[in-house]
Protein chains: 2
Amino acid sequence: MTEMAPRPTLEAVAARAGVSRATVSRVVNGAQGVRESLAARVRQAVEELGYVPNQAARSLVTRRHDAVAVVIAEPETRVFADPFFALQLRGISKELTAHDCQLVLLLTEGQGDHARVARYLAGNHVDGALVFSLHLDDPLPGLIRNAGVPTVFGGRPGWGEGGEGALYVDSDNRGGARTAVEHLVSLGRRRIAHITGALDQTSAVDRLEGFKDVLPDTDPALIEPGDFTPAGGERAMRALLDRCPDLDAVFAANDLSASGALRVLRERGLRVPEDVAVAGFDDMLPVAEQTDPPLTTVRQDIEHMGLLMARLLLRRLDRNGPEPDTEDGAPRSIVTPTTLVRRASA
Amino acid sequence: MTEMAPRPTLEAVAARAGVSRATVSRVVNGAQGVRESLAARVRQAVEELGYVPNQAARSLVTRRHDAVAVVIAEPETRVFADPFFALQLRGISKELTAHDCQLVLLLTEGQGDHARVARYLAGNHVDGALVFSLHLDDPLPGLIRNAGVPTVFGGRPGWGEGGEGALYVDSDNRGGARTAVEHLVSLGRRRIAHITGALDQTSAVDRLEGFKDVLPDTDPALIEPGDFTPAGGERAMRALLDRCPDLDAVFAANDLSASGALRVLRERGLRVPEDVAVAGFDDMLPVAEQTDPPLTTVRQDIEHMGLLMARLLLRRLDRNGPEPDTEDGAPRSIVTPTTLVRRASA
DNA sequence: TTGAAAGCGCTAACAT
DNA sequence: ATGTTAGCGCTTTCAA
């Protein structure tokens with residue numbers, strides 16, 4: 001293509017501006033204590049030469065990388081068959097960008113990749129990591145702890161190993177579930193069923209807990225395990241209907257399983273919400289708005305959660321975090337609020 | 001936390017193995033011409049010390065980064081309100097990982113970010129870029145060309161500026177559209193309408209072309225612009241029905257607009273597919289399988305497209321690409337096939 | 001086949 | 001306030 005123009009170095013800028021490399025470095029890095037007239041000359045030279053600092057050289061001496069890894073395990077992206085993934089990433093990206101920090105994406109393909117990720121993180125290539133690990137038995141949190149890289153988790157990590165002090169950002173799954181179930185109760189429903197999510201994920205467990213918070217003495221027959229998929233929702237709905245034909249509401253652990261439940265309800269000739277009220281979780285738009293009837297569900301601010309994760313990590317890395325979120329100044333895990341979105345199904 | 005253990009350097013490994021730094025470097029980088037006995041000693045020392053090369057130091061001298069940027073403009077991720085985004089990224093990630101290459105994700109937030117991205121790419125921080133730019137007037141391709149970074153586009157780029165020789169991977173939008181429309185024709189439909197996508201995107205333009213390929217003399221009244229959204233699909237369907245009450249099929253530019261069309265059809269008391277057959281595009285699962293009736297649509301292998309993008313770029317960067325895809329050995333753009341998925345709607 | 005030595009471009013003491 | 005200088009950890013001629 002075009003000849004690889006040799007990129008100008010600090011040296012070149014210094015020569016052009018008639019100052020020393022050190023001075024240029026100071027100007028470029030915004031250090032104080034440089035006479036304005038000189039600084040201006042330097043800035044102009046930078047401009048004219050199109051100088052861009054060599055990050056490798058800088059990292060070599062500062063031992064900083066201005067980059068963080070985002071680790072997403074394969075099972076997660078399957079769950080994120082919706083904007084979840086993109087939105088969270090977007091939130092993360094925004095915050096990182098605002099702090100001149102790059103985002104290195106690490107997607108894992110099953111166990112085999114754990115070692116690779118661990119090696120990468122331990123290899124001191126990034127300043128920190130943002131890890132999505134929502135499975136109870138996920139070995140990743142343990143591995144990462146070993147790698148000794150500052151980390152923030154997306155979703156409360158399972159406590160497979162030492163995840164005890166882990167920093168994380170999670171939505172209020174339990175509270176959200178409570179809100180949904182309370183809503184069903186307020187509608188006068190008395191036989192409220194629950195289709196759970198995949199119970200190896202903390203979100204599913206927490207939503208189940210929320211359900212039980214509101215209905216501690218519920219008939220166990222009204223709780224049927226699902227797996228967050230439409231097919232799982234169908235299966236569970238059938239089982240529930242066969243077992244408890246008198247149920248008058250169902251809270252599904254997510255919108256996808258709710259959509260499956262809805263189909264079975266229609267197929268059995270039951271009206272929603274007249275005969276059975278249905279509530280979901282996630283407010284996954286392409287699903288929740290398209291179902292018939294549209295789904296009443298629990299919404300979380302996904303993008304904001306991503307942003308908070310990044311912010312938390314940046315704070316932990318010192319980087320000019322905003323006002324401290326705790327009195328002793330140490331960052332703490334964050335549980336973000338959810339809101340009920342009323343549509344036609346309940 | 002734990003004391004930051006000073007990472008072992010090449011020097012340390014050399015000392016431990018009783019050889020010079022140069023030798024260790026050779027072993028670590030798999031260069032030939034090192035006596036096996038020595039190499040073994042070195043490998044053991046590496047093992048014992050848990051040595052991991054310092055990428056910054058390496059890049060400083062090699063001027064390689066073993067990293068590529070993936071640039072996704074904000075409007076895209078909105079369109080990718082489905083697994084598209086995640087899947088493509090996954091395909092990219094797989095291929096890059098297989099070649100020990102990192103993925104730096106750059107998400108842009110409107111025009112303001114273009115400069116930032118251009119600066120980053122020009123800043124020689126990555127070896128190449130994978131860019132999603134599906135808009136006809138997108139300035140990004142031009143900026144990137146200027147940056148002089150080897151690039152492969154996801155989706156045929158608009159020719160806003162010099163994108164002429166650009167390398168890209170795109171699905172066969174035109175051919176896919178043809179397949180869908182031919183299918184409707186084969187069903188005996190004679191008044192086939194088309195709800196277009198957002199015509200500032202190449203995919204929408206190409207799908208429209210495909211439609212016209214099969215029905216070159218179609219009544220212009222049967223073509224109504226949409227915007228890839230369900231709401232746009234509803235609007236367009238209403239307009240079409242008002243204008244051409246006799247239409248007996250509709251090909252929507254994507255599944256989301258098809259779902260909107262489906263709703264309007266039902267609302268008007270028209271049966272699908274008996275009265276009006278409907279076909280979509282994308283096979284966006286959470287949508288296509290959940291509509292009533294399930295959608296006949298055109299599927300593309302998203303993940304594979306991502307993989308091909310990465311492979312193309314890697315080849316262009318020299319990196320051990322697989323067998324050459326053209327006779328002169330120069331990589332060429334790739335158009336991937338689509339397949340019709342028959343469900344109940346047509 | 002192996003080692004010695006010269007930087008890669010930058011920052012950060014330290015000196016002025 | 002500015003310049004001088006010594007590396008950061010690695011690859012890569014060049015000699016041996």
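The structure displayed is predicted, hence computed values, not measured ones. Letters A, B, ... mirror the listed sequences (proteins, then strands); counts begin at 1.
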Just N and O in the side chain of [X]: are any of them under 4.0 Å from OP1 or OP2 of [N]?
| X | N | answer |
| --- | --- | --- |
| A:Arg63 | D:dG9 | yes |
| B:Arg35 | C:dT2 | yes |
| B:Arg58 | D:dT11 | yes |
| B:Thr23 | C:dG3 | yes |
| B:Ser25 | D:dC10 | no |
| A:Asn29 | C:dT11 | yes |
| B:Arg26 | D:dT11 | no |

Electrostatic pair A:Arg43:A:Glu36 at N-O distance under 4.0 angstrom: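 Counted as a salt bridge, because a side-chain N and a carboxylate O are separated by less than 4.0 Å.
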Donor-acceptor under 3.5 Å (B:Arg41 side chain, B:Ala17 main chain):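 Looks like yes, one N/O pair under 3.5 Å.
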Any donor-acceptor pair under 3.5 Å from B:Ser93 side chain to B:Leu89 backbone: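 Pair absent, no side-chain N/O of B:Ser93 close to backbone of B:Leu89.
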With the side chain of [X] defined as its heavy atoms from C-beta on, choose the nearest nucleotide among [options].
| X | options | result |
| --- | --- | --- |
| B:Val34 | D:dA6, C:dT2, D:dT11 | C:dT2 |
| A:Asn54 | D:dG9, C:dG9, D:dG3 | C:dG9 |
| A:Ala57 | D:dG9, C:dG9, C:dA4 | C:dG9 |
| B:Thr62 | C:dG3, D:dT12, C:dC10 | D:dT12 |

Closest-nucleotide ordering on DNA chain C, the 5'-leading residue of B:Ser37 and A:Thr9: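 By nearest-heavy-atom nucleotide position, the 5'-most residue is B:Ser37.
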Which residue lies more 5' along DNA chain C, comparing B:Gly18 with B:Leu60 via nearest heavy atoms: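 Looking at the nearest nucleotide for each, B:Gly18 comes out on the 5' side.
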Could you give the [atom1]-to-[atom2] distance, from [X] to [N], as a whole number of Å?
| X | N | atom1 | atom2 | answer |
| --- | --- | --- | --- | --- |
| B:Arg7 | D:dG9 | CZ | P | 11 Å |
| A:His65 | C:dC10 | NE2 | C1' | 14 Å |
| B:Glu11 | D:dG7 | CD | C1' | 13 Å |
| A:Asp66 | C:dT11 | CG | P | 11 Å |

Close side-chain approach of A:Leu307 and A:Glu95, heavy atoms under 4.5 Å: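 In short, these two side chains touch, coming nearer than 4.5 Å.
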Heavy-atom pair with the smallest gap, counting every atom of A:Ala118 and A:Leu143: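 What the structure gives for the nearest pair is CB-CB, 4.4 Å.
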